[in-house]
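Working notes, structure below.
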Amino acid sequence: MPPLPLPASVPISWYLTLSAILFSLGVLGFILRRNIITVFMSIELMLNAVNLTFITFSYMLKRVDGHIFSFFVMVVAAAEAAVGLAIILTVFKNRQTLEIDEVSSLKN
Amino acid sequence: MDAILFLVFAAIAVICGINMVVQKHPIASALSLVGVMAALAALYLLLGGEFIAAAQLVVYSGAIMVLFVFVIMLLNAGAEKKAVLRPWGKYFGAPLLLVFFGIMFFVVQRLTPASAGVVFGGFQGAGAREIGQSLFTVYLLPFEVTSILILVAILGAIVLARKEID
């Protein structure tokens, strides 16, 4: 078996494809899972995939702006995690459940 | 060498991502997510972003995931029941996701120049010095707005999670 022909430099498209795969996995977790915490973690996975895209394009364009954007995404994700987990705590305190289907008092 | 490193860390990221989606217990999902984030930090290093790689490790797989694990243990969350997939999700969600991924793959293959490749050390312009310079000159206003956002988030978290005292 001949060795795999590995390129000397990694093509940009590999990084972007990896980002698309991770984003799709995040969406899949978001629509499949029923635990409210896991759904929240899927959102974090999607944010990470977008960060990878930012950094990759930053490399491609040889500019620093992508890094700044992904830095801001991190800050917003931290704020979102703090508030979201506080909301989850409150929901659990009032309902004693983490199933996302049982928290449906806004329906109808 | 670069390609081998990329493939190793990409494989770690994808495997941990799949594991996160299929695991039933939230703790297993959280630890898989830590794996994804650590692998992504290594990929940021390969792309020349030392500062972002360190921030990824400290902020994401450090602070945010500790918060998640803390809440999971605080709520004593058990394994979730068998996921009931509605017909909408089964017959539209998954195929649409495949279509989305296919389109993304196609666009990525067509858009990016085939000649440009990523080599380690090929981009030196994103160290802490350059990021700091850019952050405090061009992006000063968004940076200050960010501080207000953090303040609002802290207040919101305290108000939401406080214990009612009569």
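In what follows, every chain begins at residue 1, and chains take the letters A, B, ... in the order their sequences are listed. Because only heavy atoms are used, hydrogens play no part in the values below, and waters and symmetry mates are left out as well, while side chains stay in.
The number of heavy atoms from other shown groups lying within 6.0 Å of CZ (Phe72(A)) is above 12. Surrounding CZ of Phe92(A) are more than 12 heavy atoms belonging to other residues, nucleotides or ligands, all under 6.0 Å away.
In this structure, chain B has a heavy atom under 4.5 Å from the side chain of Ile68(A), while its backbone stays farther away. Contact annotation for Phe51(B): only side-chain heavy atoms (C-beta onward) come within less than 4.5 Å of a heavy atom of chain A. Residue contact with chain A, scored on non-hydrogen atoms closer than 4.5 Å, involves the side chain of Leu40(B) exclusively. Using a 4.5 Å cut-off between heavy atoms, Ile18(B) touches chain A through backbone and side chain atoms alike. Interface remark: Ser19(A) contributes no atoms to any contact with chain B (heavy atom separation under 4.5 Å). Phe6(B) touches chain A through its side chain: at least one heavy atom from C-beta onward sits under 4.5 Å away, while N, CA, C and O do not. Contact annotation for Val14(B): both backbone and side-chain heavy atoms come within less than 4.5 Å of a heavy atom of chain A. Looking at Phe100(B), only its side chain comes within 4.5 Å of chain A, counting heavy atoms on both sides. For a residue to count as touching a neighbouring chain, one of its non-hydrogen atoms must lie under 4.5 Å from one of that chain's; by this rule Ala10(B) touches chain A with backbone and side chain alike. Of the atoms belonging to Met104(B), it is side-chain heavy atoms, and not backbone ones, that fall under 4.5 Å from chain A. In this structure, the portions of Leu47(B) lying under 4.5 Å from any heavy atom of chain A include both its backbone and its side chain. Heavy atoms closer than 4.5 Å to chain A are found in the side chain of Leu33(B), but not in its backbone. Contact of Leu74(B) with chain A is made through the side chain alone, with heavy-atom distances under 4.5 Å.
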Inset, instruction - Could you go through the side chain to side chain contact (heavy atoms under 4.5 Å, CB included) check for Met41(A) and Met65(B) one step at a time? - result: CA-CA 9 Å; Met41(A) 283 194 283; Met65(B) 290 320 291; 4.0 Å; yes

Inset, instruction - Might you work through the side-chain hydrogen bond (donor to acceptor under 3.5 Å, both in side chains) test for Asn51(A) and Gln56(B), ending with a clear yes or no? - result: CA-CA 10 Å; Asn51(A) 267 352; Gln56(B) 168 93 1; 4.6 Å; no

Inset, instruction - Kindly determine whether Phe68(B) and Phe40(A) satisfy side chain to side chain contact (heavy atoms under 4.5 Å, CB included), including the steps that lead there. - result: CA-CA 9 Å; Phe68(B) 271 98; Phe40(A) 205 52; 3.2 Å; yes

Inset, instruction - Under the side chain to side chain contact (heavy atoms under 4.5 Å, CB included) rule, what do Ile131(B) and Phe71(A) come out as? Steps first, then yes or no, please. - result: CA-CA 10 Å; Ile131(B) 287 183; Phe71(A) 181 67; 5.8 Å; no

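Rounded to the nearest 0.5 Å, atoms CD (Glu44(A)) and OH (Tyr60(B)) are 5.0 Å apart. In this structure, CG on Leu18(A) lies 6.0 Å from CG on Leu43(B), to the nearest 0.5 angstrom. Note that the OG1 atom of Thr56(A) and the OH atom of Tyr44(B) stand 8.0 Å from one another [nearest 0.5 Å]. A distance of 10.5 Å separates CG in Leu45(A) from SG in Cys16(B), rounded to the nearest 0.5 Å. Considering CE of Met74(A) and CD1 of Ile52(B), their distance stands at 4.5 Å, rounded to 0.5 Å. Here the straight-line distance linking atom OG1 of Thr90(A) with atom CG of Leu160(B) works out to 5.0 Å at 0.5 Å rounding.
Met20(B) approaches Arg33(A) most closely through the heavy-atom pair O-NH1, 3.3 Å. Across all their heavy atoms, Ala81(A) and Ile64(B) have their closest contact at CB-CG2, 3.9 Å. Residue Pro26(B) comes nearest to Asn35(A) through the heavy atom pair CG-ND2, 3.4 Å, listed as atom of the first residue, atom of the second, then distance.
Relative orientation of the Phe69(A) and Tyr139(B) rings is perpendicular, given thresholds of 30° and 60° on the angle between their planes. Classified by interplanar angle (parallel below 30°, tilted 30° to 60°, perpendicular above 60°), the ring pair Phe123(B)/Tyr59(A) is perpendicular.
Across Trp14(A), Phe30(A), Phe57(A), Phe23(A), the residue that shares the most heavy-atom pairs under 4.5 angstrom with chain B is Trp14(A).
Side chain of Thr17(A) to backbone of Phe105(B): no donor-acceptor contact under 3.5 angstrom is found.
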